[in-house]
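Every chain is numbered from 1, with letters handed out A, B, ... down the list of sequences.
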There are 2 protein chains.
Amino acid sequence: MALHDRIRTEIEGQILSGALKPGDKVPSEHELMAHYGCSRMTVSKALTALSGAGLLQRRKRAGTVVAPRPTETMVLDVPDLAVEIARRGQAYRFRLIAREVRKARPEDALDDGLARAGPLLFVRGVHCADDVPIAHEARYISLAAVPEIVEADFTRESPGSWLLRHIPWTEAENRIGAVGADAAWAPLLNLEPGAACLSIERKTWRGEARITLVRQSFVAGSFELVARFGAA
Amino acid sequence: MALHDRIRTEIEGQILSGALKPGDKVPSEHELMAHYGCSRMTVSKALTALSGAGLLQRRKRAGTVVAPRPTETMVLDVPDLAVEIARRGQAYRFRLIAREVRKARPEDALDDGLARAGPLLFVRGVHCADDVPIAHEARYISLAAVPEIVEADFTRESPGSWLLRHIPWTEAENRIGAVGADAAWAPLLNLEPGAACLSIERKTWRGEARITLVRQSFVAGSFELVARFGAA
DNA sequence: ACGCATAATATGTCTATACATTATTTCGAA
DNA sequence: TTCGAAATAATGTATAGACATATTATGCGT
């Protein structure tokens with residue numbers, strides 16, 4: 001292991017083990033280069049990496065301290081639904097229910113960024129695994145941001161995959177919760193209204209421009225999200 | 001902005017905009033130092049950062065290429081429930097329902113790591129905001145890993161907060177899904193059995209040793225998880 | 001043609017140094 | 001005493017060079 005990796009690991013270990021608590025001062029670069037007998041660049045690399053990972057906070061002149069609440073963030077895997085279903089050995093299919101170009105309505109409950117973006121493409125459909133419905137999707141796409149989407153064929157490909165291939169986002173936000181199945185789409189998933197569903201609302205941006213908002217509702221037990229923290 | 005940050009941002013932009021696609025070769029460090037008129041350390045810093053973020057893959061002699069699947073991972077905020085409720089201006093309270101030391105039973109559906117860890121402390125309780133029940137929690141704690149927990153008082157503090165203060169974990173995994181309220185605890189949350197709940201199952205490790213497994217079920221709408229990707 | 005040794009290439013690590021930037025501390029003048 | 005300027009201590013950025021290491025390309029001998 002490289003020396004800067006060893007330094008990084010040792011300090012990380014002291015933080016994770018609790019030997020160094022949030023707010024504690026970490027030795028300065030000069031003290032560490034004396035301790036390890038190496039140059040300043042090397043210890044700096046280790047400390048900068050830990051700072052980037054959110055474990056340390058560094059301020060000029062004041063020094064380096066352990067960041068508060070070392071970790072209330074985790075890395076969340078957001079699998080592509082088609083890929084995830086294929087990985088289970090099932091056949092993925094997107095069933096298009098509705099598709100129309102229109103303005104935002106109050107009952108859509110859109111955020112301002114998308115509501116003011118002009119005309120929207122509204123798409124509703126169901127994700128299926130081996131023709132068993134797994135999730136309902138309602139999506140709003142800004143035509144100003146993605147004019148070429150009016151040509152897309154969503155009977156074979158989901159809007160999500162199409163967007164991913166054509167215009168990658170630069171920023172995204174997922175809100176994850178639970179919701180009872182709505183009477184409007186519960187029958188599409190063979191559910192009683194009120195049945196438990198995992199709800200994911202995703203907004204994406206490309207620079208300043210809003211691209212899309214999508215609300216997906218997964219039948220309980222059909223889909224799980226996994227978030228991890230720790231050693232790879 | 002620092003030069004290495006500028007280089008990093010420009011290449012990142014080309015990847016996110018699609019100008020550079022997965023598998024495409026990125027100019028070598030020598031080409032970039034000629035292009036930007038700087039030293040190799042500077043471009044190396046930019047490329048190493050992008051490699052650490054998962055956008056690039058670097059191999060000696062072969063060069064640097066854009067990583068496949070421009071990162072389907074996001075950063076998930078996992079707020080402490082007590083802090084989150086306090087932030088809403090409500091009073092947090094943990095109501096202890098049951099607490100016992102016993103061996104793992106088949107119906108606990110524990111993973112092998114915890115089931116084989118010896119005697120467990122089993123705790124069940126309800127998280128409340130302004131005395132309104134928000135979530136049910138069932139937790140299993142390895143007494144081998146945390147013997148001093150038998151002294152803890154969970155009538156005032158939740159087991160999660162206690163653990164966080166006493167023995168930080170080094171590794172954790174969250175599984176997030178939806179579940180219908182179980183008849184065993186639905187009344188505690190003033191729910192009908194089968195009502196939609198957000199389900200979070202968390203396992204934590206300290207090095208090789210399993211510490212705890214907790215299953216939390218949140219009343220739909222009472223709690224949301226947020227995951228982000230992109231600029232701050 | 002084939003396999004193997006060797007050269008070339010690109011990244012990985014590290015040093016020693018220099019100057020810039022930002023807080024903090026110190027100290028002097030009003 | 002208090003305010004403000006200057007010294008100081010820490011990190012931030014960057015250079016130029018050196019050697020290490022992994023991988024691919026080349027060419028030689030059979």
How long is the line joining [atom1] of [X] and [atom2] of [N], in whole Å?
X: B:Met1; N: D:dG12; atom1: CE; atom2: C1'; answer: 15 Å
X: A:Leu56; N: D:dT11; atom1: CG; atom2: C1'; answer: 13 Å
X: B:Ile7; N: D:dA14; atom1: CD1; atom2: C1'; answer: 11 Å
X: A:Met41; N: D:dA18; atom1: CE; atom2: C1'; answer: 14 Å

Output one line per pair: protein atom, nucleotide atom from nucleotides 5-9 of chain D, and distance, for all N/O pairs under 3.5 Å.
from, atom 1, to, atom 2, distance (Å)
D:dT8, O2, A:Arg61, NH1, 2.6
D:dA9, O4', A:Arg61, NH1, 3.2

Taking [Y]'s backbone N and O only, do any of them form a donor-acceptor pair with [X]'s side chain (distance below 3.5 Å, no angle check)?
X: B:Lys21; Y: B:Gly18; value: yes
X: A:Ser217; Y: A:Ala135; value: no
X: A:Glu151; Y: A:Glu148; value: no
X: A:Ser199; Y: A:Gly177; value: no

Classify the angle between the aromatic ring planes of B:Tyr92 and B:His127 as parallel (below 30°), tilted (30 to 60°) or perpendicular (above 60°).
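Correct class here is tilted.
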
Going 5' to 3' along DNA chain C, which nucleotides are the first and last within contact of chain B (any atom under 4.0 Å from a heavy atom)?
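Contact boundaries, 5' end first: C:dA8 to C:dC14.
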
With [X] via salt bridge (charged side-chain N to carboxylate O under 4.0 Å, His left out) - residues at least two apart:
X: A:Asp108; result: A:Arg102
X: A:Arg6; result: A:Glu10
X: A:Arg139; result: A:Glu137

Please identify which of these residues, A:Val214, A:Leu225, A:Val78, meets the side chain to side chain contact (heavy atoms under 4.5 Å, CB included) condition with A:Ile200.
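Among the candidates, only A:Leu225 passes.
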
Side-chain N,O (A:Arg58) to OP1/OP2 (D:dT11) below 4.0 Å
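The answer is yes; a side-chain N or O of A:Arg58 sits under 4.0 Å from OP1 or OP2.
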
A:Arg210 to A:Trp205, cation-pi by 6.0 Å centre distance and 45° axis angle
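Yes, A:Arg210 and A:Trp205 form such a contact.
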
Where each residue is assigned the nucleotide of DNA chain C containing its nearest heavy atom, which of A:Arg59 and A:Asp5 is assigned the position nearer the 5′ end?
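Here A:Asp5 is the residue nearer the 5' end.
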
DNA chain C-proximal residues of residues 28-40 of chain B, any heavy atom under 4.0 Å
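The stretch gives B:Ser28, B:Glu29, B:Arg40 as the residues lying under 4.0 Å from the strand, ordered by number.
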
Give a yes or no on whether A:Arg156 atom CZ has more than 12 heavy-atom contacts from other residues, nucleotides or ligands under 6.0 Å away.
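For A:Arg156, atom CZ is not crowded (no more than 12 foreign heavy atoms under 6.0 Å).
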
Within the structure shown, what part of the strands sits under 4.0 Å from B:Leu47 by heavy-atom distance: base, sugar-phosphate, or nothing?
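Answer is nothing: B:Leu47 stays at 4.0 Å or more from every strand.
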
